[in-house]
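Have a look at the structure below, then the notes.
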Amino acid sequence: MKSPPKTFHVKSFGCQMNVYDGERMAELMAADGMVAAEASDADLVVLNTCHIREKATEKVYSDIGRLRKDAGKQGRAPMIAVAGCVAQAEGAEIVARAKVDVVVGPQAYHHLPALVAKAAAGEAALDTDMPPASKFGALPKRRRVGPSAFLTVAEGCDKFCTYCVVPYTRGAEISRPFDAIVEEARALVEAGAREITLLGQNVNAWDDDGRGLHDLIRALDRLPGLARLRYTTSHPNDMRQGLIDAHAQVPSLMPFLHLPVQSGSTRILKAMNRSHGRDNYLRLLDRVRAARPDIALSGDFIVGFPGETDADFADTLSLVDQVGYAQAFSFKYSPRPGTPAAAMADEVPAAVMDERLQRLQAALGRDQAAFNRASVGRCCEVLIERQGKLPGQMLGKSPWLQSVHVMGDHAIGDMVEVELAAAGPVSLTGVARIAKAA
Ligand code: SAH
Ligand code: SF4
Ligand code: F3S
C-alpha cells in the first residue's frame, strides 16, 4: 500500500500525439486534485512512452531504473505509471519486468485517476482496453495552453505498413466528430492558443460523414483569435484535391506539409506495404507545389529496411535531390516484435545502415540549409513561443515551421512581423519590422 499521491509529473516521449495525451493526462489529474511537480519531487511519475523503435522502448526501462535510484537516494519511492504505446504493447510484461504500479494504454488513460487510486489501495492497476466508445468525452475542458497547441482529431491506423507498431498500439483508425473538434479548438483559443496543429497518425484521412479534413480546416479558419492552422501526419494516399486546394485558399493554413515517403525505391515501398510508389508520390508533390508554390515540404525516411540494396538506397537519395525537403526525419530500420517486416530475410548489416543514414542525413541537412538560405530577405510573421538563450532574445516559428530568433521586447504568444535576415543550418534570425508600441 502507498498513500494516494498528492503531486504528479508527466514525462512524454515519442510523437506529438503523445505530447497531446500527456497534457490531457495532466489536466485529468489536476481536475482530480493533484498538483503538478518536478519529476524529482512528484509522488506519482507518469512515463508516457513510445514503442516505435527499439531504442525508444529500452529507454523506458532505463528511465524507470534511474527514477527509482534517484528517488531512493532521497528516501522516496514514488508511484510509477507507464502510459503510452509501450504500455499498450507490453501490458503486464512491464509490471513483471519493472514492478511499476500502473499500466495504462493510449485508449484507456481517461481511467488514470481511478487506476492510481486502485494502486494506492494495493490493487493491480492495468488497463489496456480499447473500448469502442472514445476516451475524449471523458476528459476535462482545456484550460491553459501555450501559443501553439496540439489537437488530436483522428487516431489509430489501418494501413499496416510492414515495419510499424502503430496499428497495434493505437488501434483502428477513428475520426473524432466535427463538432467536438470545433468545440475543443474554441476552448484552446480561450486557453491561449494562437496556432493549432491538428493531429492524427493519418490526419488527412479524417472524415465525418463525408466531410474531409479540408472542410474542418475551413471551419476552423473562421474561429476568432486563431491565427494559424497546421496538420500532421499525412499519408500520401489520403491527400485529396480538396486539401491541396485549401493550401491555395485558406489564409490561416500554413505553407507546410509533412508527407512521409519512407523510401525512394518503389520495390522497397511495396515490401513496406506503403501503397504509394515513387512516381505517384512525386506527382502528388507537383500538385501540392502547383497549389502553393512556397510550401515547405517535410518527410520521414527509413534506411536499411530488409532487402534494401545499394540501388534502392540510391533511389532514396535521388528522390531527396528531386524534392528538396525543407526538413525531414530519418531513421535506421528497427525490427519491431509482431510486425511482418521483423520476420523478413535479407537484413541489412548495421555498418551499412550506419553509412546510409549518414549519407542521407548529409543530403537532408544540405537541403534544409539551402531552404533556410533561400528564405533570407523574406518578410513574414513569427509566432513567439519561448525565450531564447541570449538575454532579450525570443524564439518563434515562421509560417514554414523554421525556428526564428528575434531580439526585442516581445511576449510569448505575440505575432511579430520580421524580415528574415540571416540563416543557419537549422534556424534563422529575424529582425522585427515594426517596433512594438511602448
Ligand atoms: N503515420 C506516419 C508516421 C508514424 S511513425 C506515417 O505513416 O508516415 C513516425 C515515423 O517513424 C515513420 O514515418 C517512420 O519513418 C518511422 N518508423 C516507424 N516504424 C519504424 C521502424 N520499425 N523502424 C524505423 N523507423 C520507423
Ligand atoms: Fe505506421 Fe504506416 Fe500507419 Fe504510418 S501509415 S502509422 S507508418 S502503419
Ligand atoms: Fe511512438 Fe506511439 Fe507515437 S509508438 S510515435 S508514441 S503513436
Side-chain angles (χ1 to χ4, degrees), residues 10-22 25 47-60 82-90 104-107 109 128 130 150 152 154-174 198-206 231-239 257-264 268-269 271-276 281 298-306 308 316 325 328-344 347-348 350 353 356-357 360-361 364:
V10 182
K11 194 169 170 194
S12 290
F13 305 87
C15 61
Q16 287 141 318
M17 193 174 287
N18 256 15
V19 174
Y20 173 86
D21 290 341
M25 285 189 256
L47 298 174
N48 188 23
T49 61
C50 174
H51 196 55
I52 202 81
R53 285 167 287 274
E54 189 185 0
K55 267 197 184 148
T57 308
E58 282 311 310
K59 197 169 174 342
V60 177
V82 177
C85 289
V86 176
Q88 191 65 40
E90 309 245 301
V104 62
Q107 303 310 342
Y109 67 73
T128 51
M130 293 201 174
F150 293 133
T152 293
E155 187 170 7
C157 183
D158 300 333
K159 298 272 194 293
F160 292 95
C161 301
T162 53
Y163 50 82
C164 183
V165 293
V166 172
Y168 313 96
T169 62
R170 291 269 166 185
E173 187 174 286
I174 60 117
L198 307 175
L199 299 182
Q201 271 80 33
N202 291 297
V203 71
N204 56 346
W206 180 88
Y231 59 95
T232 199
T233 297
S234 295
H235 192 287
N237 274 20
D238 295 316
M239 203 68 207
L257 176 64
H258 182 61
L259 196 67
V261 64
Q262 313 299 354
S263 167
I268 292 293
L269 289 171
M272 288 175 163
N273 191 32
R274 279 295 289 182
S275 64
H276 59 81
Y281 176 81
S298 163
D300 289 345
F301 293 88
I302 296 175
V303 300
F305 186 82
E308 186 187 71
T316 297
Y325 289 94
F329 300 98
S330 47
F331 313 100
K332 283 190 271 186
Y333 167 69
S334 170
R336 306 309 292 129
T339 59
M344 287 181 188
E347 272 177 62
V348 174
M353 261 201 235
R356 286 182 188 165
L357 186 67
L360 177 59
Q361 291 187 338
L364 292 169

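Each ligand, and each atom within it, is numbered from 1 in the order the structure gives. The chain is numbered in sequence order, starting from 1.
Atom numbering of ligand 3 starts at 1 in the shown order; those under 4.0 Å from a heavy atom of Q201 are 7 (S). If you number the atoms of ligand 2 from 1 as listed, the ones under 4.0 Å from a heavy atom of H235 come out as 5 (S).
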**Study point:** T316 vs L360, side chain to side chain contact (heavy atoms under 4.5 Å, CB included): CA-CA, chis, key distance, verdict
**Key:** CA-CA 8 Å; T316 297; L360 177 59; 4.2 Å; yes
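In this model, no donor atom of one side chain and acceptor atom of the other lie less than 3.5 Å apart for S334 and E54. There is no side-chain donor-acceptor pair under 3.5 Å between Q88 and Q107.
Protein heavy atom closest to atom 7 (S) of ligand 3, with residue, atom name and distance, is R170 NE, 3.3 Å. In terms of protein heavy-atom proximity, atom 4 (Fe) of ligand 2 is closest to R274 NH1, 4.3 Å.
Note on ligand 2: R170 sits outside its first shell, no heavy atom being nearer than 4.0 Å.
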Show me the short polar-atom pairs for ligand 1: any N or O of it lying under 3.5 Å from a protein N or O, with distances only.
unit_1	atom_1	unit_2	atom_2	d
ligand 1	1 (N)	Q201	O	2.8
ligand 1	7 (O)	R274	NH1	3.3
ligand 1	8 (O)	Q262	NE2	3.3
ligand 1	11 (O)	R53	NH1	3.1
ligand 1	13 (O)	Q262	NE2	2.8
ligand 1	13 (O)	D300	OD2	2.6
ligand 1	15 (O)	Q262	OE1	2.7
ligand 1	17 (N)	R53	NH1	3.4
ligand 1	22 (N)	Y163	O	3.0
ligand 1	22 (N)	S334	O	2.8
ligand 1	23 (N)	S334	N	3.0
ligand 1	25 (N)	R53	NH1	3.3

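Considering every non-hydrogen atom in both C50 and N18, the closest pair reads N-ND2, 4.2 Å.
Around atom 1 (Fe) of ligand 2, protein atoms of type N, O or S found under 2.8 Å number 1.
Remark: R170 CZ to D158 CG distance equals 14.5 Å, nearest 0.5 Å.
Not less than 6.0 angstrom separates the ring centroid of Y163 from the ring centroid of F331.
S275 places a side-chain heavy atom less than 4.5 Å from the side chain of H235. Residues R274 and I268 have side chains not in contact (no heavy-atom distance under 4.5 Å, counting atoms from C-beta outward).
In this structure, T49 contributes its side chain and A83 its backbone to a donor-acceptor pair below 3.5 Å.
Applying the salt bridge (Lys or Arg N to Asp or Glu O under 4.0 Å) test to K55 and every residue at least two apart in sequence or in another chain returns nothing.
Atom 1 (Fe) of ligand 3 has C50 SG as protein N, O or S atoms under 2.8 Å away.
Contacts between N202 and ligand 2, counted as non-hydrogen atom pairs separated by less than 4.0 Å, involve the side chain only.
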